[in-house]
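Position 1 is the first residue of the sequence, and the numbers go up from there.
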Amino acid sequence: LQQPKPPAAALWYDRGIPHTPCLHGFVRGGLRAQEGRSMRWMKLFVTILLALPAPLAFADDDPGVPDDYVLAFADEFSQDGPPDPSLWTLEEGPARHNDEQEYYTAENAWVEDGCLVIEARRESREDMDYTSARLNTEEHFSFCYGRLEARIALPQACGTWSALWLLPSDTRYGGWLASGEIDVMEHVGYDPERVHSPLHTEKYNSVNGNAITNSALLEGEPGAFHEFVLMWDEQGIDSYVDGELLTEYHPKRKHLDNPERWPFQVPFHLVVNLAVGGFWGGHEGIDEDAFPQRLLIDYIRVYTPDPDA
């Protein structure tokens, strides 16, 4: 989440072609009718389509949990009180990056009415003007390849910067950027209807201005819950919001062994936080009168490939 500037426009590296929706099980870009047989192929396609028991899913839609995946981590936030200490570590101290304005405390995170609440408050702590919370699973849970699901309601005030992200538990490739960062969801309050999902590597990152990223407009009422999904395997990463594809990164096979382009082959852990200000969150200033602000999380689940499959 250490971004000195807003993410760049969406980039799909190594693909060679712009992203095109396709029907699952058929050729990307639609049926390529051959001369003299186009009508025959089209009739065959329509016949097959009508014979199916349910509509075909588009490749850009969330594919769901793979059959050979099992639940590896889950917090349904069903017990009121502090976050489960067997799953989460609550960080303590001032934000160290991005010129943010918050001091992290355990007091600013709790479970209430089936949700994790992270509350940012306008109150001084040491030399910081706000308090908030940041949680991670580094000492409790990490995973390499899998599916992450979360249902989240986002704060709307100018100056907030919410994120659900992954950091490497194994930093064999070096420090931040060199070992990668996966942002399942980022949201800044001055642009409340839009969410982002950047990926960072040593070659592609926000410092260079070429982070692998995309954004999407949210539907529904302000502050409503939205579903975020990450699909991560040996070949690439896809993120989704409310069932629709958000960001995708699928390097060419020859680059999968190059950690500058693909460091995502080691375990990562979860991080969730609500920042205040910073180079991105505070880009349009901070609405001081809008605080306190809350980030709500209904659940977080992680499925990983079944080792016995």
Side-chain angles (χ1 to χ4, degrees), residues 1 3 6-13 15 18-22 24 55 57-66 69 73-77 115-116 118 143 145-157 160-167 181-200 204 206 211-233 236-250 264 268 270-275 280-281 293-303:
L1 200 68
Q3 298 189 106
L11 300 172
W12 291 276
Y13 291 98
R15 292 297 293 267
H19 174 73
T20 306
C22 72
H24 182 68
F58 283 90
D60 281 0
D61 293 341
D62 175 11
V65 181
Y69 276 32
F73 174 96
D75 198 338
E76 306 293 331
F77 303 111
C115 288
L116 172 66
I118 298 180
F143 71 106
Y145 310 135
R147 172 187 173 90
L148 183 152
E149 301 175 345
R151 186 169 180 264
I152 302 174
L154 299 161
Q156 303 293 299
T160 58
W161 183 356
S162 308
L164 170 62
W165 44 309
L166 305 178
L167 282 177
E181 176 183 322
I182 303 171
D183 296 317
V184 182
M185 177 281 300
E186 284 193 272
H187 175 268
V188 290
Y190 70 81
D191 192 7
E193 298 179 353
R194 185 177 298 276
V195 291
H196 307 256
S197 183
L199 305 173
H200 304 272
Y204 305 127
S206 59
I212 304 155
T213 189
N214 198 11
S215 66
L217 292 175
L218 297 171
E219 298 182 357
E221 295 297 320
F225 279 92
H226 297 276
E227 296 178 350
F228 298 90
V229 168
L230 175 78
M231 293 292 295
W232 169 28
D233 62 23
I237 292 175
D238 298 311
S239 64
Y240 301 83
V241 56
D242 294 331
E244 300 293 330
L245 183 65
L246 181 51
T247 296
E248 60 175 345
Y249 179 44
H250 297 267
F264 307 115
F268 279 62
L270 284 64
V271 183
V272 58
N273 72 298
L274 173 54
W280 190 13
Q293 287 286 309
R294 289 184 173 185
L295 170 68
L296 305 178
I297 302 181
D298 184 18
Y299 59 77
I300 299 177
R301 305 166 185 152
V302 177
Y303 300 83

*Can you find a side-chain donor-acceptor pair between Y190 and W280 that sits under 3.5 Å?*
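Yes - a donor-acceptor pair under 3.5 Å links their side chains.
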
[Y] side chain reached by [X] side chain, heavy atoms, under 4.5 Å:
X: T160; Y: V188; answer: no
X: L164; Y: L148; answer: yes
X: Y240; Y: L246; answer: no
X: I182; Y: I237; answer: yes
X: L230; Y: L166; answer: yes
X: L270; Y: I300; answer: yes
X: W165; Y: E181; answer: yes
X: N214; Y: H196; answer: no

*Check the pair E149 / V65 against side chain to side chain contact (heavy atoms under 4.5 Å, CB included), numbers first and verdict last.*
CA-CA 10 Å; E149 301 175 345; V65 181; 3.5 Å; yes

*Taking salt bridge (Lys or Arg N to Asp or Glu O under 4.0 Å) as the test, write out the residues that go with D242, two or more places apart.*
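Listed in chain order: nothing, the list is empty.
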
*Taking only residues two or more places apart in sequence or in another chain, which ones pass salt bridge (Lys or Arg N to Asp or Glu O under 4.0 Å) with E227?*
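If we apply the salt bridge (Lys or Arg N to Asp or Glu O under 4.0 Å) test to E227, skipping adjacent residues, there are no hits.
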
How long is the gap from [atom1] on [X] to [atom2] on [Y], to the nearest 0.5 Å?
X: D238; Y: E248; atom1: CG; atom2: CD; result: 5.5 Å
X: R294; Y: S162; atom1: CZ; atom2: OG; result: 14.0 Å
X: Y204; Y: T213; atom1: OH; atom2: OG1; result: 14.5 Å
X: L296; Y: L116; atom1: CG; atom2: CG; result: 8.5 Å

*Could you tell me whether E76 atom CD has more than 12 heavy atoms of other residues or ligands within 6.0 Å of it?*
yes

*asked:* For D62 and R147: C-alpha separation, side-chain torsions, deciding distance, then whether salt bridge (charged side-chain N to carboxylate O under 4.0 Å, His left out) applies.
replied: CA-CA 11 Å; D62 175 11; R147 172 187 173 90; 2.7 Å; yes

*Would you confirm whether T247, through its side chain, and P198, through its main-chain N or O, come within 3.5 Å as a donor-acceptor pair?*
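Looks like no, no N/O pair under 3.5 Å.
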
*Taking the side chain from H200 and the backbone from A211, do they hold a donor-acceptor pair closer than 3.5 Å?*
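Not a single qualifying donor-acceptor pair exists.
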
Distance-minimising heavy-atom pair for [X] and [Y]:
X: P155; Y: L274; answer: CG-CD1, 3.9 Å
X: R194; Y: L217; answer: NH2-CD2, 3.4 Å
X: G189; Y: P192; answer: O-CD, 3.4 Å
X: G281; Y: W161; answer: N-CE3, 3.4 Å
X: Q156; Y: G223; answer: NE2-N, 3.5 Å
X: Y145; Y: F264; answer: CE2-O, 3.5 Å

*Quick one: does NZ or CZ of R301 land under 6.0 Å from the six-membered ring centre of Y299, within 45 degrees of the ring axis?*
yes

*side chain to side chain contact (heavy atoms under 4.5 Å, CB included) between L295 and V272, worked out*: CA-CA 10 Å; L295 170 68; V272 58; 4.1 Å; yes

*Begin from the C-alpha positions of Y303 and F73 and carry the test side chain to side chain contact (heavy atoms under 4.5 Å, CB included) through to its verdict.*
CA-CA 7 Å; Y303 300 83; F73 174 96; over 6 Å; no

*asked:* Using the side chain to side chain donor-acceptor pair (under 3.5 Å) criterion, which residues pair with S197? Sequence neighbours excluded.
replied: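 S197 satisfies side chain to side chain donor-acceptor pair (under 3.5 Å) with S239 only.
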
